[in-house]
Amino acid sequence: MAFVILKDLAYQYPSSTGLVLENISLQIQEGEFVSIIGPNGAGKSTLCYALAGFVPHFFKGEISGEVEVDGRKSSESTLDEWALNVGLAFQNPFNQISGAKYTVFEEIAFGLENIGVPRDEMKKRVEDAMSLTGISDLADRSPYSLSGGQQQRVALTSILVMRPRLLVLDEPTSQMDPVGTREVFGVVRKMAEEGMTVVMVEHKVEWIANFADRVIALKDGQILIEGKPNEVLTSDLLIENGFGISRYTSAAREARKRGLWKKEKLPVTLDEAVEGFKS
Amino acid sequence: MNAFSMYAARESGLHSLHPLTKILMTLLLVAAGLALPGNWTGYFIVVFIIFPLAFWGRVFLNLLSTTWKVSLPFAISVILIQSFFWGEGTPIFEIGVLSPKWEGAMFAAVSMGKIILVMSGFLLFSMTTRPDTLMITLKQAGVPSSIAYIIVTTLQIVPSFQRKALTILDAQRSRGLETEGNLYVRARAFIPIILPLVLGSLMEVEERAIAIESRGFNSGKKETSLIEIPDTPLQKVIRRVILFGIFAFIVFGVLWRL
Ligand SMILES: Nc1ncnc2c1ncn2[C@@H]1O[C@H](COP(=O)(O)OP(=O)(O)OP(=O)(O)O)[C@@H](O)[C@H]1O
Ligand SMILES: [Mg+2]
């Protein structure tokens, strides 16, 4: 059975006039790395909140359908229980700093303190998580003194250290440079290989194509198209609906019109493009 | 001001005291200032006890300037109000109906002594105590963690509000908002600054709640803590003595006024 199951999920915030999520049905296997793309206001963050239980436990409003993780329904469990299994890092890293800690190291340990991990184990887990995400050198800095990209890494590490079984990331690289983005995708891929299930909202399609197992395109609260990254990210449907596509895809589409792109499949990444133009 | 509350990172004997010892010390000084007779007791304690303590904690100038900045507007308004609205008394000067009284000004100065005592006491505490160690201390003392969290993060609201107000101020200025000039211009600039500040804070509270919830804040498990706060047997004894002192001052203060 799938690890995450969404059945006909529909949701509307108390103050919104229409449905923000509609008709969402979805299955995700354990250890799968799924990426969500979509324009502003598509409902990506709301879907993250639904996976992490904040919809409907924190944001009230009207919900119908089911969210199920590891055989348990979110409607039938409490937010506190849910949070132990599902970790969420959201868009704005600044507001994810607890505000109760003095250094980055302590900030990352905050979650482990809350769930009662013994001190020695805690130190080890924090050290491991920090070296995994490449922020060991920030250990003694104040979380407030960091750049946006560094804060995003701290936010990611703070969730990773909790070892959730489902990791939900809402635009975790929005303030990062290409090097940071690459590293985050690498870490997430690694976690997925180790069995963590990952749902990640992202705009950077080339990285998605390189690392994710599946892409879901969301528009106006509904799933527009889903499937293998290469299929989804090069589909005409995406372009017709105004999604951002990779420059390599655009170039190859133009080339195809002029008979310069022979392959059937369009590229998303540089490597695919180079390969295609060579042949 | 530091991004992390008012805490001033220094190496000092005062810094290394257990937070509970420092809280109790502060309360003792405040209790003494309020209970003991004499008009100028508050000032006396500030100058002869709090200032030397601040010296010991290597935050003297910091404390002096912050106390000054915070209490000056307060002092001016209290003195104005008290002197102008004092009933019978010796006039300082008379212009038409305006006639501020010496007695009112004196009364204001005496009250300010108590206010300055409380303020400088708590400022000294905040400047020499890391908020996170305070949080651990509060929890160990049996305060529920949500309340401890609220207390500690509230202590940081002032600096973080200041920082954000400045950001918004800059942003609005670059859009052409006039913020300098006469009182009217300044008053008019108030709303475009306050509104985003308040709305932003509401959003922030919501997101922060989600963030800490995601990190098991309400997991209901028995919490542990990464750092250990050093304590000494001597301090434990001292705390008992201080506690007794606070109690004695309260009793004395009540009896003396009967
Ligand atoms: N707390 C809220 N209350 C009411 N409506 C909300 C709330 N949060 C989001 N919405 C609305 O729900 C819709 C979807 O918002 P959501 O934040 O999920 O979009 P998104 O895809 O994450 O967009 P973005 O790319 O800008 O992050 C939007 O129309 C938004 O205005
Ligand atoms: Mg969003």
Side-chain angles (χ1 to χ4, degrees), chain A residues 45 48-49 52-55 57-59 78-84 86-103 105-123 125-126 142-146 155 158-159 161-162 164 167-168 170, chain B residues 1-5 7-9 15 129-140 145-157 159-161 163-164 167 200-229:
Chain A
S45 298
C48 291
Y49 286 143
F54 292 99
V55 160
H57 289 301
F58 183 85
F59 297 99
T78 66
L79 188 50
D80 311 325
E81 293 166 350
W82 201 255
L84 294 178
V86 184
L88 169 71
F90 54 85
Q91 276 171 293
N92 180 350
F94 184 78
N95 288 343
Q96 292 176 74
I97 298 172
S98 70
K101 295 293 165 184
Y102 194 61
T103 66
F105 194 95
E106 292 162 17
E107 174 67 27
I108 293 167
F110 176 75
L112 298 182
E113 293 181 325
N114 289 333
I115 58 170
V117 174
R119 186 172 291 149
D120 290 332
E121 187 192 336
M122 187 184 321
K123 282 190 182 146
R125 271 170 77 167
V126 173
S142 157
Y144 287 104
S145 72
L146 306 178
S158 303
I159 289 299
V161 79
M162 309 285 294
L167 178 66
V168 182
D170 193 354
Chain B
M1 206 175 285
N2 192 299
F4 193 65
S5 80
Y7 177 66
H15 279 72
T129 310
R130 262 170 58 167
D132 54 338
T133 59
L134 173 62
M135 176 150 160
I136 297 169
T137 308
L138 290 174
K139 286 202 284 195
Q140 279 168 356
S145 52
S146 52
I147 294 181
Y149 183 75
I150 291 169
I151 292 175
V152 168
T153 45
T154 312
L155 285 179
Q156 300 177 65
I157 277 184
S160 102
F161 239 60
R163 197 174 48 232
K164 264 176 257 162
T167 316
S201 304
L202 289 181
M203 272 259 305
E204 187 184 317
V205 167
E206 189 166 83
E207 291 201 337
R208 190 147 280 164
I210 292 176
I212 61 172
E213 180 73 45
S214 296
R215 291 162 72 189
F217 189 70
N218 291 316
S219 68
K221 305 213 162 151
K222 175 117 186 57
E223 293 153 39
T224 48
S225 100
L226 175 69
I227 48 178
E228 219 168 347
I229 304 172

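Heavy-atom basis, side chains included; hydrogens, waters and symmetry copies ignored. Chain A is the first sequence line, chain B the second, and so forth, proteins listed ahead of strands; every chain is numbered from 1.
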Worksheet item: Is it the side chain or the backbone of B/I227 that comes within 4.5 Å of chain A heavy atoms, both, or neither?
Response: both
Practice prompt. Please collect all salt bridge (charged side-chain N to carboxylate O under 4.0 Å, His left out) contacts where either partner lies in residues 110-121 of chain A, sequence neighbours excluded, each pair once.
Written response: A/K101-A/E113, A/R119-B/E228, A/E121-A/R125
How close do [X] and [Y] get, heavy atom to heavy atom, and via which atoms?
| X | Y | value |
| --- | --- | --- |
| B/L226 | A/A109 | CD2-CB, 3.9 Å |
| A/Q96 | B/R215 | O-NH1, 3.2 Å |
| B/T224 | A/M122 | OG1-CE, 3.3 Å |

Output yes when a side-chain donor or acceptor of [X] lies under 3.5 Å from a complementary backbone atom of [Y], and no otherwise.
| X | Y | result |
| --- | --- | --- |
| B/R208 | A/I97 | yes |
| B/S214 | A/I159 | no |
| B/N218 | A/D80 | no |

Discussion item. Can you tell me which of B/K222, B/M135, B/E213 forms the most heavy-atom pairs within a distance under 4.5 Å of chain A?
Written reply: B/E213
Discussion item. Pair A/F94, B/E207 - check side-chain contact (heavy atoms from CB on, under 4.5 Å), show working.
Written reply: CA-CA 10 Å; A/F94 184 78; B/E207 291 201 337; over 6 Å; no
Fill in: When A/A83, A/A89, A/S98 are compared by non-hydrogen pairs under 4.5 Å with chain B, the top option
A/S98
Worksheet item: Given side chains that start at C-beta, do those of A/Y49 and B/I210 come closer than 4.5 Å, heavy atoms only?
Response: yes
Worksheet item: Would you call the rings of A/F110 and B/F217 parallel, tilted or perpendicular, where under 30° means parallel and over 60° means perpendicular?
Response: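 The rings of A/F110 and B/F217 lie parallel, inter-plane angle below 30°.
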Worksheet item: What pairs with A/D170 under side chain to side chain contact (heavy atoms under 4.5 Å, CB included), at least two apart in sequence or on another chain?
Response: A/S45, A/C48, A/F90, A/Q91, A/V201
Worksheet item: Can you say whether A/I115 sits under 4.5 Å from chain B via the side chain, the backbone, both, or neither, judging by heavy atoms?
Response: both
